[in-house]
Amino acid sequence: MDYNFREIEAKWHKNWAAEKAYRVENDFSKPKYYVLDMFPYPSGAGLHVGHPLGYIASDIFARFKRLSGFNVLHPMGFDSFGLPAEQYAIQTGQHPKITTEINSKRYREQLDKICLSFDWSRQVDTTDPKYYKWTQWIFLQLFKSWYNTKSNKAEPIDNLIASFEKEGFSGNEDITAFTKDQWKGFSEKEKSDTLMHFRLAYLDEAMVNWCPKLGTVLANDEVKDGVSERGGYPVERKKMPQWSMRMTAYAERMLTDLNTLDWPESIKEAQRNWIGRSQGSSLQFTIENGQGTIEVFTTRPDTVFGVTFVTLAPEHELVKKITTADRKAAVDAYVNAAKNKSERERQADVKKITGEFTGAYVLHPFTGKKVPVWIGDYVLAGYGTGAVMAVPAHDSRDHAFAKHFGLDIPQVIEAPAGWDFSKESYDGKEGKCINSDFLNGLDVKDAVKRAIAEIEKRGLGKGKVNFRLRDAAFGRQRYWGEPIPIFYKDGIPTPLNESKLPLVLPEIDKFQPTETGDPPLARASDWKHQGKYSYEHTTMPGWAGSSWYYLRYMDPNNDKEFASKDAIKYWQNIDIYVGGAEHVTGHLLYFRFWTKFLFDYGYLPFNEPAKKLVNQGMIQGVSHFALFYPNSKPKTYISFKAAPPADIPTLHLERVDINIVKNEMLNIEEFKKWRPENADAVFKTDPNGEFECITEVEKMSKSKWNVINPDIVIEQYGADTFRMYEMFLGPIEISKPWSTQGISGVHGFLKKLWRIFYNENGLALSNEKATPQELKILHRTIKKVKEDIERLSFNTSVSAFMICLNELNELKCNKREIMEPLLVVLSPFAPFITEELWRAIGNKISILKATFPTVNEAYLTESTFSYPVSFNGKTRFMLELPLTLTKEQIEKEVLASDDAKKWIQDTPIKKIIVVPNKIVNVVI
RNA sequence: GCGGAUGUGGCGGAAUUGGUAUACGCGCCAGACUUAGGAUCUGGUGCCGCGAGGCGUAUGGGUUCGAGUCCCUUCAUCCGCACCA
């Protein structure tokens with residue numbers, strides 16, 4: 001009887017579905033374990049072989065934990081709000097809901113084929129109103145909260161209002177001070193505007209890329225060279241009201257808590273850079289003619305005596321005010337040019353130095369000297385105060401600017417001898433201050449402290465921490481997203497009462513912006529609160545739903561709470577979270593931010609969502625190209641091998657569908673069918689008639705024609721082979737191109753396993769007692785696989801299984817005592833074949849309910865060890881010796897051996913190193 | 001530019017704590033069985049050398065009895081960030 005994986009897989013697939021085999025109960029009596037995959041966006045292209053890599057790994061892990069007695073939460077869902085479905089809707093009129101449903105169904109089928117043990121009854125779909133009700137609810141909590149820097153946590157905004165009513169407010173950067181009586185005298189609108197500066201979800205004016213022609217806001221990467229990528233229409237930078245999330249309030253906590261996480265160092269480092277904490281000082285420069293002050297932020301207050309100019313961002317609000325009449329034309333032109341460049345473009349041409357003198361001067365806070373004020377787009381409006389004090393001798397950017405415009409470069413920190421300041425600035429943070437009045441002679445580190453003290457003493461500013469992290473924009477001019485539960489009453493943004501949630505996405509006739517440039521939701525003209533108040537028309541961004549979905553899986557059908565306290569208390573945070581590294585700074589930040597917010601309110605007993613994070617590598621595609629002569633008529637293709645080397649640089653490449661190529665050889669007939677315009681093309685082949693393509697490793701993508709669909713691989717080899725092969729490719733965190741070279745090895749392994757159970761006469765398993773040698777093989781494998789799974793080294797466990805089977809085969813072992821536990825160990829990797837064999841040998845209960853065998857160390861103990869004996873570090877021979885020998889005895893045995901004599905001859909022995917149970921090294 | 005990784009046979013990769021480099025698989029070579037092989041089984045397979053032996057983990061150096069592993073140098077590739085004051 002042959003291994004018929006198609007029959008077996010169909011049978012158990014059906015059986016497990018009927019038994020609801022993967023159903024997870026909130027069974028608080030058992031220890032919990034939470035294994036989560038990042039949920040996918042269900043795109044129209046379906047899954048390719050790269051997606052399941054992480055899913056298979058986490059599935060093996062989850063199955064292993066189940067067999068080890070844990071109650072394992074291992075759910076899956078869909079992050080289904082998003083642009084592609086909306087784009088498709090605009091083009092075809094098909095409602096995104098339909099597209100989403102079709103795609104999700106397809107994903108589910110594909111995932112099931114791979115036999116991933118998800119409890120689908122806990123599925124989360126971000127577009128389901130029952131789900132986004134709670135996304136909206138969290139938004140409202142954020143809206144109703146502010147960040148109290150004293151208690152260092154989020155608190156109800158009502159507390160703040162109470163304090164305003166009691167003591168007024170002493171003022172900060174955004175808001176001037178007011179007394180309690182002034183507060184009471186504020187209009188509703190004034191109160192609302194004031195509170196907006198505190199709310200964690202707030203409405204603000206923000207710069208966006210506005211495309212008037214498309215009537216919409218574009219993301220940075222949708223803008224190329226000042227025009228929209230789609231359509232090529234002009235794009236301008238424009239201030240628009242935008243909902244934002246005050247994520248910066250959590251910057252410090254997000255930074256320090258990284259240290260508590262078992263995440264890849266690279267990810268933590270990326271987050272640290274992204275949060276970008278820098279310590280420094282604010283400093284006021286008085287404008288010459290009493291027009292106020294310019295505040296700068298600097299990390300190098302120690303270099304303050306080296307300031308020769310101040311640079312403002314072109315968008316800085318003082319630019320208009322301080323520019324002198326004679327400089328106005330030039331400055332205006334510069335500001336306008338900068339305005340229409342996207343942020344990315346501005347950052348792109350770093351080398352080009354531009355700027356304008358405003359004509360204005362500020363006074364140096366310590367020397368009182370006149371310092372010119374420039375504008376330059378190397379200063380970013382969004383960071384710090386949008387103004388820098390330029391120290392060209394000790395900051396390379398200031399240096400480049402000063403050099404370009406011929407400004408002074410006075411040195412204030414000692415540089416290494418022979419430093420040429422006309423060429424390069426000395427940015428180093430070592431050295432003593434010179435030419436710096438009260439800072440002279442101090443080391444940089446001390447000078448920074450001293451300068452800040454002096455700045456604070458004179459009331460010029462104060463020591464301060466700045467973050468690169470910005471608040472997250474939370475509104476999108478799109479249809480396919482969660483409605484923001486806000487309505488406008490007399491122009492005041494008002495939260496919807498929680499009892500009215502969910503605020504359901506209204507039906508509209510077209511999915512485009514209105515003719516007046518309002519978001520698509522404005523088309524729903526009678527969609528109004530209580531029939532009169534207009535709702536917010538922007539929707540939430542893609543990351544809203546994914547910022548808390550891991551909590552919903554714990555209690556997915558709860559309509560009273562986002563998840564019950566008991567469920568959260570039981571399941572806690574994610575024990576292991578698996579997903580792609582592309583979410584480093586987006587999702588993983590937002591997800592931590594929302595968790596911390598919910599923690600502040602006591603909704604969660606933990607303040608980080610995922611204890612351990614694993615990034616699976618990407619599986620790349622191998623793209624194939626046919627070479628052809630440009631402008632040839634008829635079009636002439638030439639095989640890579642047949643092409644004269646001299647011609648190759650002149651040849652052009654044409655992408656070829658990977659499905660019509662085999663071993664790099666193009667199927668010419670299929671190619672002609674695929675591209676009918678090539679029916680008459682000429683194909684110059686190799687002498688043997690073959691046509692060789694050239695290949696390149698790229699991201700797997702539909703547009704590159706290099707996508708391998710897992711369904712096809714499963715059809716050919718079965719899901720068990722597919723699962724094991726994906727794991728066998730290498731460590732999960734490494735990216736690698738897909739290749740089916742080698743899949744036959746894994747498939748052969750499963751066939752070999754099958755043949756141990758079944759011979760020509762049918763099922764044949766021996767009930768003989770296992771020998772110590774056989775038991776040793778089994779227990780060594782159990783141990784190795786267990787350890788490998790725990791450290792997520794699945795490729796090595798696959799090889800351990802192969803070694804095990806090879807050794808058992810050598811001993812012709814087909815004993816139940818060995819094979820039965822082996823099936824359990826293998827079952828997380830190959831669930832179908834192991835279940836089939838498990839039942840075939842008489843088990844009535846599914847292998848899913850089995851127990852992972854424990855290692856019996858007694859079978860593994862050895863009495864001898866085969867010592868590699870090396871001379872001067874080079875291994876020369878092996879010597880088997882009892883483990884009971886002492887170092888001295890080993891030394892004696894080695895020296896007495898014939899092999900050793902041959903190597904030593906009459907050379908004197910300098911030293912012998914004996915490491916028991918490891919190695920012997922003779923130094924001669 | 002900054003940060004993070006990675007570099008081992010023809011290929012994917014193993015070597016978990018400084019202790020036999022190349023496990024396991026593919027491919028390749030030889031053989032067995034076979035009408036047949038894209039089935040199965042057996043043996044071989046880092047490089048140079050007839051051999052003894054020598055050389056080998058990107059490069060050059062160092063520490064060590066001993067280095068793929070630790071330290072320094074250089075190079076290459078990939079990823080992320082990028083005027084952050």
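So that the names make sense, note that chain A is the first sequence line, chain B the second, and so on, each numbered from 1. Keep in mind that this is a model prediction, so the values were computed, not measured.
A close approach under 4.0 Å does occur between a side-chain nitrogen or oxygen of A:Ser278 and OP1 or OP2 of B:A85. Taking only side-chain nitrogens and oxygens, A:Asn795 never comes nearer than 4.0 Å to OP1 or OP2 of B:G12. Within the structure, every side-chain polar atom (N or O) of A:Arg468 is placed at least 4.0 Å from both OP1 and OP2 of B:A85. In this structure, A:Thr875 reaches the B:A21 phosphate: one of its side-chain N or O atoms is under 4.0 Å from OP1 or OP2.
Atom P of B:U16 sits at a distance of 12 Å from the matching atom of B:G68, rounded to the whole Å. Separation of the C1' atoms belonging to B:U77 and B:A58 is 11 Å when rounded to the nearest angstrom. Comparing B:C79 with B:U64, their C1' atoms are spaced 35 Å from each other, to the whole Å. Atom name P, nucleotides B:G51 and B:U17: the rounded distance is 39 Å, in whole Å. Comparing B:C26 with B:A14, their C1' atoms are spaced 15 Å from each other, to the whole Å. Rounded to whole Å, the C1' atom of B:U42 lies 23 Å from the corresponding atom of B:G46. Going from the C1' atom of B:U6 to that of B:U69 covers 15 Å, rounded to whole Å. Distance check on atom C1': B:G25 versus B:G13 gives 9 Å, rounded to whole Å.
Between A:Glu857 and A:Arg780 no salt bridge is recorded (no basic side-chain N to carboxylate O distance below 4.0 Å). Under the 4.0 Å criterion applied to side-chain N and carboxylate O atoms, A:Arg791 and A:Glu787 are not assigned as salt-bridge partners.
Of the N and O atoms on the side chains of A:Asn806 and A:Lys752, at least one donor lies less than 3.5 Å from an acceptor on the other residue. Using modelled atom types and a 3.5 Å distance limit, the side chains of A:Ser425 and A:His399 yield no donor-acceptor pair. Donor-acceptor pairing under 3.5 Å is recorded for the side chains of A:Tyr383 and A:Ser278. With no hydrogens or angles considered, a side-chain donor-acceptor pair links A:Asp427 and A:Ser396 at under 3.5 Å. A donor and an acceptor atom, one from each side chain of A:Thr864 and A:Glu880, are located under 3.5 Å apart. A donor and an acceptor atom, one from each side chain of A:Ser897 and A:Asp899, are nowhere located under 3.5 Å apart.
Set against B:A85, B:U20, B:G4, the side chain of A:Val379 has B:A85 as its closest nucleotide. In this structure, of B:G27, B:A82, B:A14, it is B:G27 that holds the atom nearest to the side chain of A:Ser744. Closest contact between the side chain of A:Gln741 and the listed nucleotides B:C65, B:G38, B:C26 involves B:C26. The nucleotide whose nearest atom lies closest to any side-chain atom of A:Arg876 is, among B:A39, B:G54, B:C41, B:G54. Across B:G38, B:G12, B:A15, the shortest atom-to-atom separation from the side chain of A:Gln716 is found for B:G38. Picking from B:C65, B:G3, B:A15 the nucleotide with the shortest atom distance to the side chain of A:Lys911 gives B:C65. Listed nucleotides B:C81, B:C24, B:A14 differ in distance to A:Met802; the shortest reach to its side chain belongs to B:C24. Closest contact between the side chain of A:Ile734 and the listed nucleotides B:G4, B:A82, B:G13 involves B:G13. Distances were taken from every side-chain heavy atom of A:Asn921 (C-beta onward) to each of B:C65, B:C81, B:G3; the shortest belongs to B:C65. Listed candidates were B:A21, B:U16, B:A85. Nearest to the side chain of A:Leu380 is B:A85.
Secondary-structure annotation of RNA chain B gives the stems B:1-7 with B:75-81, B:10-12 with B:24-26, B:27-32 with B:40-45, B:46-48 with B:53-55, B:60-62 with B:70-72, with a stem taken as at least 3 successive Watson-Crick or G-U pairs whose two distances both fall under 3.5 Å.
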Check: residues 792-803 of chain A side-chain donor-acceptor pairs under 3.5 Å, at least two apart:
from     : atom 1 : to       : atom 2 : distance (Å)
A:Ser793 : OG     : A:Asn795 : OD1    : 3.4
A:Ser793 : OG     : A:Thr796 : OG1    : 2.6
A:Thr796 : OG1    : A:Asp788 : OD1    : 3.4
A:Thr796 : OG1    : A:Asp788 : OD2    : 2.9
A:Thr796 : OG1    : A:Ser793 : O      : 2.9
A:Ser797 : OG     : A:Ser793 : O      : 3.3
A:Ser797 : OG     : A:Phe794 : O      : 3.1
A:Ser799 : OG     : A:Thr796 : O      : 3.3

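The distance between atom CD1 of A:Ile919 and atom P of B:G18, rounded to the nearest whole Å, is 15 Å. Between the CZ atom of A:Arg780 and the C1' atom of B:U16 there is a distance of 17 Å, rounded to whole Å. As a whole-Å value, the separation of A:Leu805 CG from B:C41 P is 10 Å. Protein atom CD1 of A:Ile743 is 16 Å distant from nucleotide atom C1' of B:C11, rounded to whole Å. In this structure, A:Lys910 atom NZ and B:C65 atom P are separated by 11 Å, rounded to whole Å. The NZ atom of A:Lys403 sits 21 Å away from the P atom of B:C83 (whole-angstrom rounding). As rounded to whole Å, 5 Å separates atom C1' of B:G3 from atom CG of A:Asn273. The CD atom of A:Glu880 sits 14 Å away from the C1' atom of B:U20 (whole-angstrom rounding).
When heavy atoms are screened at a 4.0 angstrom cut-off, A:Ser799 is found touching base atoms of the nucleic acid. Counting non-hydrogen atoms under 4.0 angstrom, A:Lys752 reaches the backbone sugars and phosphates but no base. Within the nucleic acid shown, A:Asp395 has no heavy atom closer than 4.0 Å to any nucleic acid atom. Across all strands, A:Ile803 comes closer than 4.0 Å only to sugar-phosphate atoms, never to a base (heavy-atom distances). When heavy atoms are screened at a 4.0 angstrom cut-off, A:Lys751 is found touching the sugar-phosphate backbone but no base atom. If you check every strand for non-hydrogen atoms under 4.0 Å, A:Arg272 touches nothing. Among the heavy atoms of the strands lying under 4.0 Å from A:Val915 is at least one base atom, whether or not backbone atoms are also near. Here A:Pro264 lies out of heavy-atom contact (under 4.0 Å) with every strand. Using a 4.0 Å heavy-atom cutoff across all strands shown, A:Asn806 reaches sugar-phosphate atoms only and no base atom.
Remark on RNA chain B: of its neighbouring residues A:Lys736 and A:Ala800, the 5'-side contact belongs to A:Lys736, judged by nearest-heavy-atom nucleotide. Nearer the 5' end of RNA chain B, as judged by each residue's closest nucleotide, is the contact made by A:Phe865, out of A:Phe865 and A:Gly748.
Aromatic ring pairs are classed by plane angle as parallel below 30°, tilted from 30° to 60° and perpendicular above 60°; the pair A:Trp738 and A:Phe722 is tilted.
The number of heavy-atom neighbours closer than 6.0 Å to CD of A:Glu430, taken from other residues, nucleotides and ligands shown, is 12 or below.
Checked by distance alone, A:Lys918 brings no side-chain donor or acceptor within 3.5 Å of a matching partner on the base of B:U17.
For B:G9, the O4'-C1' to base torsion is within 90° of 0; the nucleotide is therefore syn.
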